[in-house]
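Notes to accompany the following structure.
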Amino acid sequence: MNALSHSPLVYLVDDDDAVRDALALLLRSVGLRSESHGDPLAFLATLSAQSIGCVVLDIRMPGMGGLEVLERLAECSDLPVVMLTGHGNVDLCRRAFKGGAMEFLQKPVDDDVFLDAVQAAVRLHIASRERQAVTLAASERLARLSGREHDVLVRIVTGMSNKEIARELELSPRTVETYRANVFDKLEADSLAQLIRQYASLLDEPSP
């Protein structure tokens with residue numbers, strides 16, 4: 001969790017003050033911060049796109065219900081959502097999962113079940129953001145390559161030898177060796193396996 005600059009925050013969105021207070025206390029017992037919101041609209045208005053953590057969302061609230069909040073969240077945030085309801089049924093459960101909810105729990109929720117669900121959601125979000133950070137860094141390094149270095153990289157990851165690359169690009173093998181060295185240096189790759197693992201999926205992007 002220390003790999004990210006923002007520590008996890010669990011958003012508690014429920015119109016019942018007592019429920020929010022009880023869940024906040026429970027989260028503190030395992031070292032998780034929380035932020036309580038009784039008004040779904042106010043929550044959506046203050047939500048930061050940089051937030052790391054998850055949302056615990058009551059499905060039945062006056063005004064804007066949980067399913068509508070879930071729909072709004074899908075448009076502006078990648079935070080995992082744990083839905084809570086005091087009146088669970090198959091249709092609500094189905095609609096919640098279809099809307100992107102990670103978990104659907106019925107009140108009164110067991111403490112351990114709740115904590116397991118929230119901690120799993122937080123871990124999932126941290127892992128997702130870390131993957132995004134790695135991909136962004138790789139994309140930025142990829143942008144350092146010249147057009148010809150990009151051409152060479154594309155052929156390296158498909159398994160072509162220097163001689164094959166030289167023949168296809170009408171270059172001398174020595175020139176290809178130079179481009180290859182530049183590719184490994186600029187992409188900060190120590191091995192062919194690392195090069196393929198980190199960059200093969202990004203090569204659909206247009207070359208510089």
Original post:
Once you round to the nearest 0.5 Å, how far does CD1 of Ile52 lie from CZ of Arg33?
Top reply: 11.0 Å

Original post:
Do Leu47 and Val55 have side chains that get closer than 4.5 Å, going by heavy atoms?
Top reply: no

Original post:
Does any N or O in the side chain of Tyr199 come within less than 3.5 Å of the main-chain N or O of Leu187, such that one atom is a donor and the other an acceptor?
Top reply: yes

Original post:
Can you list the residues that meet the side chain to side chain contact (heavy atoms under 4.5 Å, CB included) rule with Arg95, with sequence neighbours excluded?
Top reply: Leu67, Asp91, Leu92

**OP:** Look at atom CD of Glu188 and say whether more than 12 heavy atoms of other residues, nucleotides or ligands are closer to it than 6.0 Å.
**Re:** yes

Subject >> From Cys54 atom SG to Leu32 atom CG, the distance as rounded to the nearest 0.5 Å >> reply: 8.0 Å

**OP:** Measure the CG-CZ distance between Asp78 and Arg129 for me, rounded to the nearest 0.5 Å.
**Re:** 4.0 Å

**OP:** Look only at the side chain of Arg20 and the backbone of Ser36, and say whether a donor-acceptor pair between them is shorter than 3.5 Å.
**Re:** no

**OP:** Sort out for me which residue in Val10, Leu27, Val30 forms a side chain to side chain contact (heavy atoms under 4.5 Å, CB included) with Gln119.
**Re:** Val30

**OP:** Grab the two heavy atoms, one from Leu192 and one from Phe184, that are nearest each other, plus how far apart they are.
**Re:** N-CE2, 3.9 Å

Subject >> Ser77 (side chain) donor-acceptor with Leu73 (main chain) under 3.5 angstrom >> reply: no

Residues 160-170, side-chain donor-acceptor partners within the protein, below 3.5 Å, at least two apart:
residue : atom : partner : partner atom : Å
Ser161  : OG   : Glu164  : N            : 3.2
Ser161  : OG   : Glu164  : OE1          : 3.4
Asn162  : OD1  : Arg180  : NH1          : 3.1
Glu164  : OE1  : Ser161  : N            : 2.8
Glu168  : OE2  : Arg155  : NE           : 2.8
Glu168  : OE2  : Arg155  : NH2          : 3.1

Original post:
Taking atom CE of Met83 and atom OG1 of Thr85, what is their separation to the nearest 0.5 Å?
Top reply: 8.0 Å

Original post:
If you group Ile, Leu, Val, Met, Phe, Trp and Tyr whenever their side-chain heavy atoms sit less than 4.5 Å apart, what else falls in with Leu124?
Top reply: Met102

**OP:** Evaluate the side-chain proximity of Leu153 to Leu195: yes if any heavy-atom separation is below 4.5 Å, no if none is.
**Re:** yes

Original post:
Between Ser51, Pro8, Pro80, which is the residue that forms a side chain to side chain contact (heavy atoms under 4.5 Å, CB included) with His125?
Top reply: Pro80

**OP:** Taking only Lys NZ, Arg NE, NH1 and NH2, and the carboxylate oxygens of Asp or Glu, determine whether Lys107 and Asp14 approach each other closer than 4.0 Å.
**Re:** yes

Subject >> Donor-acceptor contact below 3.5 Å, side chain Glu68 vs main chain Met64 >> reply: no

Original post:
Can you name the closest pair of heavy atoms from Leu202 and Ala138 and give their distance?
Top reply: CD1-CB, 3.6 Å

Original post:
Taking side chain as C-beta onward, heavy atoms only, is Arg148 less than 4.5 Å from Asn182?
Top reply: no

Original post:
Distance from Leu70 atom CG to Phe97 atom CZ, nearest 0.5 Å?
Top reply: 10.5 Å

Subject >> Inter-residue atom distance Thr135.OG1 - Leu142.CG, 0.5 Å rounding >> reply: 11.5 Å

